[in-house]
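First up is the structure itself, then whatever we jot down about it.
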Amino acid sequence: MAKKQPTISVIGTGFVGLTTAVLLAEAGYQVYAIDIDEERLAAIKQGRAFFYEAGINPLLKHVIENKRLIPTSSYVNCISQSDFIFSCVGTPDNPDGSSNLSYIFAAAKEALVHMKTGAVYIQKSTVPVGTGEKIEQLFNKSKKRIDYISNPEFLREGTAIEDTLNFDRVVIGSENGKSVDEVISLYKTIEKNRQAIAKRAKLKLPAGHKGEYFKTGRNSAELIKVTANAFLALKISFANSIAKLADKTGADINEIMDVVGADRRIGRAFLNAGRGYGGGCFPKDVSGLISSAADHNVDLQIMTAVSDINFTMPGYIAKKAQAELESLTGKRVAVLGLAFKAGTSDARRSPGVMLANILKRQGASVITYDPAANHEAENELRIGIDVAQTIEEAVNKTDAIFITTEWPVFLRYDLKKLAKQMKGNLFVDAMNVFNKAAVQKAGLQYIGVGR
Ligand code: UDX
């Protein structure tokens with residue numbers, strides 16, 4: 001007799017949860033997606049993610065229509081039938097920088113009520129090291145036999161589907177080694193179907209794929225995730241520190257990092273200087289790591305420096321512009337880019353928003369625009385900052401413009417047209433993504449970060 005296909009529940013339908021649920025359903029499993037947010041569920045039921053993510057909607061529509069994915073707000077029926085339960089709930093940060101684990105424990109406790117013995121509970125949320133151990137202790141107190149797996153997620157927002165189909169590594173952390181191969185087989189089924197899924201998502205994947213599966217201890221898996229993000233944040237703050245020195249000495253940070261990054265031991269990725277990192281992961285993961293290290297009496301000074309340097313960048317850029325404009329008071333400036341990076345509508349901890357707020361505080365009249373994040377940024381912007389509906393509206397009669405997100409529509413914008421639309425001519429490339437000579441040729445004054 002053929003082995004029964006496992007049933008899966010995914011708790012939480014954010015970037016990580018919804019991507020996981022959709023891909024498992026596309027791979028042929030019966031999947032329940034659980035969320036308490038009725039608005040999110042209503043969108044999912046119509047085949048629409050409530051956030052912008054390349055390729056997710058066609059997949060979502062497909063698995064909703066063929067009923068492989070069933071969205072629900074109740075744990076009751078789905079968890080009890082499930083062989084695998086993925087926890088993908090949020091871990092926001094507390095005001096002191098530590099991770100707020102209330103959703104993590106609430107989900108684990110509620111799931112425990114309904115889980116059948118023999119079920120596997122897989123933690124994908126980013127949690128401080130030691131969290132899994134506490135959840136295992138909780139599970140061990142019940143009479144049920146539940147296996148706990150730490151399976152951290154590495155996907156990036158905006159490219160979540162592509163990152164998962166084209167993964168570098170899948171980490172499966174466990175203390176007893178049980179269920180590890182079963183969890184790996186779920187991922188292998190997705191991997192086997194990757195080209196067909198990519199085709200439906202209208203994404204192009206490279207033909208070959210060399211993703212690796214790592215089996216580790218539970219605590220190592222928890223630390224792998226935050227260490228990877230912390231190291232990427234460290235590279236960015238390192239590049240930004242050198243950029244400040246390049247500014248003082250007439251060197252160009254892009255030239256520097258192109259050559260430094262050509263050393264295979266170092267690598268070019270995440271050495272782009274600019275307005276610093278933002279989003280739902282790096283700021284929170286860095287502060288969470290500092291705080292979790294402090295709980296174990298380890299002073300992670302290096303990460304405190306990373307966070308401090310990052311925090312200075314929007315102000316540093318405002319100051320550079322101010323030096324050119326003499327004063328910001330009364331100047332009309334446009335900030336183009338409110339999303340924390342291109343390809344997403346997410347404006348959490350967005351450096352563009354921070355820069356707009358600093359410019360406003362310093363007396364400028366600020367107008368902003370983003371092709372996807374206008375709505376999500378609105379509540380984060382200081383009172384009196386205008387939000388434009390088009391680039392043209394934003395840049396019209398400005399003294400200066402600031403590019404804070406690398407959206408293709410900004411990169412492709414006709415610079416000569418821009419020069420005519422502006423009143424002044426200061427062009428601040430806060431992402432270092434423009435060709436300096438081309439900007440100058442259009443009659444604009446170029447300022448980058450470390451260039
Ligand atoms: C990150 C990790 O890359 C991912 O592996 C993890 O699972 C979640 O956190 P994400 O936050 O989606 O992903 O975005 P990412 O593309 O890593 O960018 C983070 C921030 O760093 C953005 O604000 C980006 O603009 C900035 N950045 C990135 C730089 O300032 N310089 C760089 O060189 C690279």
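Counting starts at 1 for both ligands and their atoms, in listed order.
- Y413 and Q421 share a side-chain donor-acceptor pair at under 3.5 Å.
- Using modelled atom types, one finds a donor on one side chain and an acceptor on the other under 3.5 Å when comparing K284 with T91.
- The pair D163-R156 counts as a salt bridge, with a side-chain nitrogen and a carboxylate oxygen less than 4.0 angstrom apart.
- Residue L271 touches ligand 1 through its backbone alone, judged by heavy-atom distances below 4.0 Å.
- Atom 7 (O) of ligand 1 has as its closest protein heavy atom L155 O, 2.7 Å.
- Under a 4.0 Å criterion applied to the non-hydrogen atoms of E153, ligand 1 contributes the atoms 7 (O).
- Side-chain contact check for F86 versus I8: some heavy-atom pair is nearer than 4.5 Å.
- Among all non-hydrogen protein atoms, the one lying nearest atom 23 (O) of ligand 1 is F340 O, 2.8 Å.
- Using a cutoff of 4.0 Å between basic side-chain nitrogens and carboxylate oxygens, D35 and R40 are scored as salt-bridged.
- Shown in contact with F270 at under 4.0 Å from a heavy atom are these atoms of ligand 1, numbered in order with element: 17 (O), 28 (C), 32 (C), 33 (O), 34 (C).
- Of the protein's heavy atoms, Y277 CB, 3.6 Å lies nearest to atom 20 (C) of ligand 1.
- Ring centers of F427 and F434: under 6.0 Å apart, within the cut-off.
- By the criterion of a heavy-atom distance under 4.0 Å, the side chain of N229, and not its backbone, is placed next to ligand 1.
- The distance criterion of under 3.5 Å between nitrogen or oxygen atoms is met by N272 with respect to ligand 1.
- When hydrogens are left out, the protein atom nearest atom 5 (O) of ligand 1 is F154 O, 2.6 Å; that is the closest non-hydrogen contact.
- Side-chain contact between I44 and L60 is present, with heavy atoms from C-beta onward closer than 4.5 Å.
- Ligand 1 has R275 within reach: a non-hydrogen atom of the residue lies less than 4.0 Å from it.
- At a threshold of 4.0 Å, the pair D247-R451 does not count as salt-bridged, since none of the basic side-chain nitrogens sits closer than that to a carboxylate oxygen.
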Verdict with reasoning, S87 to Q123, per side chain to side chain donor-acceptor pair (under 3.5 Å): CA-CA 5 Å; S87 160; Q123 188 67 260; 2.7 Å; yes

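- In summary, the atoms of ligand 1 found under 4.0 Å from a heavy atom of K225, numbered by their order in the structure, are 7 (O).
- Geometric assessment of K134 against the ring of F105 yields a negative cation-pi assignment under the 6.0 Å and 45° thresholds.
- Heavy atoms of G278 come nearer than 4.0 angstrom to ligand 1 in at least one pair.
- Distances between N or O atoms of A269 and those of ligand 1 include no value under 3.5 Å.
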Residue pair T312, K244: steps toward the side chain to side chain donor-acceptor pair (under 3.5 Å) verdict: CA-CA 11 Å; T312 65; K244 288 181 180 175; 2.9 Å; yes

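- Less than 4.0 angstrom separates some heavy atom of G276 from each of these atoms of ligand 1: 30 (O).
- Residue, atom and distance of the protein heavy atom nearest to atom 29 (C) of ligand 1 are I236 CD1, 3.5 Å.
- The protein atom (non-hydrogen) at minimum distance from atom 3 (O) of ligand 1 is R156 CG, 3.3 Å.
- Each of the following atoms of ligand 1 lies closer than 4.0 Å to a heavy atom of E157: 12 (O).
- Partner F167 forms a ring-ring contact (aromatic ring centres under 6.0 Å, His included) with one of F214, Y187, F154, Y213 and no other, that one being Y213.
- The shortest contact between atom 1 (C) of ligand 1 and any protein heavy atom is with F282 CE2, 3.4 Å.
- For Y446, the OH atom counts as densely surrounded, since its 6.0 Å shell holds more than 12 non-hydrogen atoms of other residues, nucleotides or ligands.
- Heavy atoms of E406 come nearer than 4.0 angstrom to ligand 1 in no pair at all.
- With hydrogens left out, the protein atom closest to atom 10 (P) of ligand 1 is K341 NZ, 3.8 Å, a heavy atom.
- Using 4.0 Å as the threshold, C281 has a heavy atom nearer than that to some atom of ligand 1.
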